[in-house]
Amino acid sequence: MVGDGSPLAPATVAIFDVHRHSTDDGPGIRTTVFFKQCPLRCAWCQNPEGIEREPSIQWYKVKCIGCEGCVEACPEKAIVKDGTGIHIDRQKCKACGTCVDACPSTALKTFGRNVPVECLIAEVAKDKEYYTRSGGGITASGGEPLAQADAVARFLAGCKERGIPTAIETCGATTTAALARVLPHVDLIMYDLKEIDPRKHEAFTGMDNVRILENCKWIASRIDEKSKHLWIRTPVVPGYTATDENISGIARFIKNELNGKVQRWDLLAFNNLAGGKYERMDKSQWVLKDTPLLARREMMHFHELALASNVPQVCWSGVIQEDDG
Ligand code: SF4
Ligand code: SF4
């Protein structure tokens, strides 16, 4: 069957980053692999470089010496320089990397590469000792790892064969068949429930949540919590998902529809630190770039609402404003 680590699964996979020694993406010390491509377009996306399947180029203003070597080198004539700096026409750019090689000051960087799955497994296996000692493992993140379900299933199966615990972070916007290919090879599923109202979900992410909720129920109906764990994650974003109706609505969904299978629910306070990425990708009009941090009392309030889910562990994390007094 394709996707179970058989030779028919793709031999390469598109990634845009690998973080070793991560402590944010599951228990213990982990290596997080960021896979390319995502079907959603969340207004608050923290990894815009992971949305498209193709590589993307970012320009670092502070490193640029203005030599115009990139402008001359680009075979597609996709780069112009004006008084504000370098601009890449994303429609013309073929992501060939010629400008990156031509730049004398490493002011241009490519995000995205195809790697052999076996090489990726060998790379993450280097830290197996850390995983074993800390109760950690590897986490498949993105982008959306299930956008490359067959290759990611092959990667996860290879990790399991080497005795490495596995986790996946998913938005759930995929087919049930894709979930079924990956599920046998994961120990922990971290599943995003962002917004409970389908119309708001579509307005915020470009897609309604009907399939996402159905897929979440499907997972909950199939996992045995002794061998696989299900965590829910909710980005708490001012002006979007940070409402009483949403947090209480997700709490009801978890309590009524997920059969007591959720071990933990994480509320993730939004921050606008990704603003620099948007500017480096010529997306300087990120709608959330000036959004203020949530206050501690607001996160405490949402945490209180989330307790109605009856999930054993409800946590919140992220950068917040300390309340006055
Ligand atoms: S990656 Fe290639 S096509 Fe794109 S801007 Fe650089 S040189 Fe031009
Ligand atoms: S080649 Fe590098 S340093 Fe020169 S203008 Fe382009 S980005 Fe700036």
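If you read the sequence from its start, that first residue is 1, and numbering goes on from there. Both counts, for ligands and for their atoms, begin at 1 and track the order of listing.
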Fill in: Validation row: Thr110, Phe16 side chains within 4.5 angstrom (heavy atoms)
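No; the side chains remain at least 4.5 Å from each other.
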Discussion item. Measuring only between side-chain heavy atoms, which start at C-beta, is Val100 closer than 4.5 Å to Ile57?
Written reply: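 Yes, side chains in contact.
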Item to complete: For atom 2 (Fe) of ligand 2, report each protein N, O or S atom nearer than 2.8 Å, sorted by chain and then by residue number.
Response: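 Checking every protein N, O and S atom gives Cys103 SG.
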Discussion item. Test: side-chain hydrogen bond (donor to acceptor under 3.5 Å, both in side chains). Region: residues 71-80. Which pairs qualify, not counting sequence neighbours?
Written reply: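 Applying side-chain hydrogen bond (donor to acceptor under 3.5 Å, both in side chains) to every pair that reaches into residues 71-80, excluding sequence neighbours, yields nothing.
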Find all atoms of ligand 1 within a distance of less than 4.0 Å from any non-hydrogen atom belonging to [X], and give their numbers and elements.
X     : result
Ala95 : 1 (S), 4 (Fe)
Ile79 : 5 (S)
Ile57 : 1 (S)
Pro75 : 7 (S)
Cys74 : 3 (S), 5 (S), 7 (S), 8 (Fe)

Worksheet item: What residues form a side chain to side chain donor-acceptor pair (under 3.5 Å) with Glu257, not counting sequence neighbours?
Response: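 Per chain and number, Glu257 pairs via side chain to side chain donor-acceptor pair (under 3.5 Å) with no residue.
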Heavy-atom nearest neighbour in the protein, as seen from [atom], with distance rounded to 0.1 Å:
atom                    : value
atom 2 (Fe) of ligand 1 : Cys96 SG, 2.3 Å
atom 3 (S) of ligand 1  : Lys94 N, 3.3 Å
atom 4 (Fe) of ligand 1 : Cys93 SG, 2.4 Å

Discussion item. Quick check on Ala73 - does any of its heavy atoms sit under 4.0 Å from an atom of ligand 1?
Written reply: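 Under 4.0 Å: no for Ala73.
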Worksheet item: Looking only at heavy atoms, which two atoms of Ala140 and Leu156 are closest? And how far apart?
Response: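 Between these two residues, the closest heavy atoms are CB-CD2, 4.4 Å.
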Practice prompt. Quick one: closest heavy-atom pair of Cys42 and Thr205, and the distance?
Written response: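 Closest approach of Cys42 to Thr205, heavy atoms only: SG-CG2, 3.8 Å.
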Discussion item. Applying ring-ring contact (aromatic ring centres under 6.0 Å, His included) as the test, list every pair that has at least one member in residues 109-151; sequence neighbours left out.
Written reply: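 Every ring-ring contact (aromatic ring centres under 6.0 Å, His included) pair that includes a residue of residues 109-151, provided the two are not neighbours, is His21-Tyr130.
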Practice prompt. Report yes if the distance between the aromatic ring centroids of Phe35 and Phe155 is under 6.0 Å, otherwise no.
Written response: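 When the ring centroids of Phe35 and Phe155 are compared, they turn out to be within the sub-6.0 Å range.
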Discussion item. Exactly one of Asp25, Thr23, Asp17, Thr139 should register a side chain to side chain donor-acceptor pair (under 3.5 Å) with Thr32. Which one does?
Written reply: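 So, applying the side chain to side chain donor-acceptor pair (under 3.5 Å) to Thr32 and each of Asp25, Thr23, Asp17, Thr139, only Asp25 qualifies.
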Worksheet item: Would you call Lys94-Glu54 a salt bridge at under 4.0 Å N-O?
Response: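 So Lys94 does not pair with Glu54 through a salt bridge.
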Practice prompt. State the atoms of ligand 2, each with its element, that fall below the 4.0 Å cut-off from a heavy-atom position in Glu68.
Written response: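 Listed by number with element: 4 (Fe), 5 (S).
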